[in-house]
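Presented below is the structure to which this report refers.
Below, chains carry the letters A, B, ... as their sequence lines are ordered, and counting in each starts from 1.
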Amino acid sequence: MSAIEYELLHIDKNSGARTGVIHTPSGDIRTPVFMPVGTQATVKSVTPEELKEEINAQIILSNTYHLYLRPGYELVKEAGGLHKFMNWDRPILTDSGGFQVFSLSGLRKITEEGVKFTSHLDGSKHLFTPEKVMEIEEALGADIIMAFDECCAYPSDYEYTKKSMERTTRWAKRCKEAHTTENQGLFGIIQGGFYKDLREKSAKDLIDLDFPGYAIGGISVGEPKEEFLDILRYTAPLMPENKPRYLMGVGTPDYLIEAALAGIDMCDCVLPTRLARHGTALTSKGKVVVRNATYERDWTKLDEECDCYTCKNYTKAYIRHLVKTNEILGIRLLSIHNLRFLTKLMERVIIEIENDNLLGFREEFYSKYGYTII
RNA sequence: GGGUAGGUGGUCGAGUGGUUAAUGGCACCAGACUGUAAAUCUGGCCGCGAGAGCGUACGUUGGUUCGAAUCCAACCCUGCCCA
């Protein structure tokens, strides 16, 4: 019995989307699920208690690279692991630093052995090998840990993408060999950029390594939506049906629905908290840039359909005032709202899948939000 | 009353004869944001005009000069010091 087990509950007869449960050492996760990102052992501006009680987040992410630099993985281990350290007793997933290979591309050097990062904090050098990443992620103690990969930039040419994907596969193998803990599930990450034959090869080779879950990485990195959907719809069906399927770095409401339609179980994104810090709310009628002057005297809630703490208590005019005056509460209220919005969206997606109506829901949601179905 | 420092675009504040519709910061108005180097970044911000451009503008009035926010004179106003 692996630390992570997937239980399939229902497949939408009309779309192929699925609901299920991921069993983890820290409890069960109903899927499809949206996972808030808490890079530095905190989902920016909200407390773990709010994540549970107000937002109903089932699982959150944290980050190997950031926690390795500060406060250090030995310290987190000494604290009793991430769960204890941050007072969050539900499941946690740690990303491996593979995204930083992409986002900090000017500060790293890739070799077969691993990636040498120049710290964005103080310029110090740190070599991340698959073995080192496993050591760190095991010390952090998340329920799900990600293999060390390279998230390729968009666009990347075929030759580079192929080389990178094959190296990611070799790194996945090394991760698996180095992984020792039994209470953590190690997920493999399918790469291959925007080339279908590479995606297929990556999926096949990783499946041979028999991970308890699989992720799609390297999309949602700046490409047009058509290309995103094309690779998503091509890759998702290559993933084992009896294991969790995780689409990394998504996203916006439409991408989340598309992911569920493609049979994805898990997504994560910084967007709700980042947008909140930048003065924007996600709502059923589209984005509301509440910082804009048009809301100065708007005495209504952010979203008429929302049941969150923020919408129960505060008006757009007040939130705009907080944002314009740089008050921390503005960020907090918007973060709570945006996180609840996406969490609630996925709760609804589960219901719609169980009613075999996710396609119908997509149409309804898109038209209200202002999206066009592609 | 005497002395002294100063009055610049919404605001604070550079600029001390021409390339200055006038550096910056803030405020204001928008846009971007997708496994977080992001409470960040980008653009706009005198008026009219799609634009080239035109018109106004550095306390007020006058003067010097080919040319003034910048030099001179008078006046008005403000801060500080002395009486």
Quiz item: Between B:rA22 and B:rC46, how far is it from one C1' atom to the other, in whole Å?
Solution: 12 Å
Exercise. May I have the step-by-step check of side-chain contact (heavy atoms from CB on, under 4.5 Å) for A:Val43 and A:Leu339, ending in yes or no?
Key: CA-CA 10 Å; A:Val43 176; A:Leu339 288 167; 3.8 Å; yes
Self-check item: Contact nearer the 5' end of RNA chain B, comparing A:Asp254 with A:Arg277
Solution: A:Asp254
Exercise. Assign a letter to each nucleotide of nucleotides 24-31 of chain B from its 5' end: B, base within under 4.0 Å of a protein heavy atom; S, sugar-phosphate only; -, no contact.
Key: ----SSBB
Exercise. Using the six-membered ring wherever Trp is involved, compare the ring planes of A:His126 and A:Tyr68 and label them parallel, tilted or perpendicular (cut-offs 30° and 60°).
Key: perpendicular
Self-check item: Nearest-angstrom distance from the residue atom CZ of A:Phe117 to P of B:rA37
Solution: 10 Å
Self-check item: Separation between the C1' atoms of B:rA68 and B:rA52, rounded to whole Å
Solution: 28 Å
Quiz item: On a whole-Å scale, what distance lies between the P atoms belonging to B:rG59 and B:rG15?
Solution: 15 Å
Quiz item: Does the side chain of A:Glu200 pick up a donor-acceptor pair with the side chain of A:Tyr234 at under 3.5 Å?
Solution: yes
Quiz item: Should A:Gln100 be listed as having a side-chain N or O under 4.0 Å from OP1 or OP2 of B:rA37?
Solution: yes
Quiz item: Mind checking whether A:Phe128 and A:Phe148 have parallel, tilted or perpendicular rings, split at 30° and 60°?
Solution: tilted
Practice problem: Using the P atom on both, measure B:rU36 against B:rG51 and round to a whole Å. | Solution: 43 Å
Practice problem: For nucleotides B:rG2 and B:rU65, find the distance between their P atoms and express it as a whole number of Å. | Solution: 33 Å
Exercise. Check the side chains of A:Thr294 and A:Asn292 for a donor-acceptor pair under 3.5 angstrom, ignoring hydrogens and angles.
Key: no
Quiz item: With respect to the side chain of A:Gln191, which nucleotide from B:rA37, B:rG35, B:rU40 is positioned closest?
Solution: B:rG35
Quiz item: B:rU36 phosphate, OP1 or OP2: any side-chain N/O from A:Gln40 under 4.0 angstrom?
Solution: no
Quiz item: Under 4.0 Å between a side-chain N/O of A:Arg274 and OP1 or OP2 of B:rA39, yes or no?
Solution: no
Quiz prompt | Modelled atom types, side-chain donor and acceptor of A:Ser96 and A:Glu137, under 3.5 Å | solution = no
Quiz prompt | Distance-only donor-acceptor test, A:Asn63 side-chain atoms vs B:rG35 base atoms, 3.5 Å | solution = no
Quiz item: Could you spell out the base pairing of RNA chain B in dot-bracket, with Watson-Crick or G-U pairs whose two distances are under 3.5 Å, [ ] crossing and | to another strand?
Solution: ((((((((.[[[..)..(.....]]].(((((.......))))).(((....)))...[[[[[..)....]]]]]))))))).
Quiz item: Among side-chain atoms of A:Glu227 and A:Tyr154, is any donor-acceptor pair under 3.5 angstrom?
Solution: yes
Practice problem: Applying salt bridge (Lys or Arg N to Asp or Glu O under 4.0 Å), run through A:Glu159 and A:Lys163 and close with a yes or a no. | Solution: CA-CA 6 Å; A:Glu159 280 314 308; A:Lys163 214 176 79 183; over 6 Å; no
Practice problem: Ignoring the backbone of A:Thr280, work out which of B:rU34, B:rC33, B:rU36 is nearest its side chain. | Solution: B:rC33
Quiz item: So, is A:Thr252 near the phosphate of B:rU34, with a side-chain N or O under 4.0 Å from OP1 or OP2?
Solution: no
Quiz item: For A:His66 and B:rU36, is the gap between ring centres under 5.5 Å while the planes differ by less than 30°?
Solution: no
Practice problem: Give a yes/no on whether any side-chain N or O of A:Ser220 is located under 4.0 angstrom from OP1 or OP2 of B:rU34. | Solution: no
Quiz prompt | C1' atoms of B:rC82 and B:rG10, separation to the nearest Å | solution = 37 Å
Exercise. Report yes or no: do A:Ser164 and A:Glu150 form a side-chain donor-acceptor pair below 3.5 Å?
Key: yes
Quiz item: Looking only at atom P, what distance separates B:rU70 and B:rU16, rounded to whole Å?
Solution: 12 Å
Quiz prompt | Centroid separation A:Phe102 to A:Phe99 less than 6.0 Å | solution = yes
Exercise. Sequence neighbours left out, what passes ring-ring contact (aromatic ring centres under 6.0 Å, His included) with A:Tyr371? Give chain and number order.
Key: A:Tyr366, A:Tyr369
Quiz prompt | Side chain of A:Ile331 - closest among B:rA39, B:rG35, B:rU34 | solution = B:rA39
Exercise. Send over the distance from A:Arg332 CZ to B:rA39 P, rounded to a whole Å.
Key: 16 Å
Self-check item: Same-atom distance (C1') from B:rG24 to B:rC72, integer angstrom
Solution: 31 Å
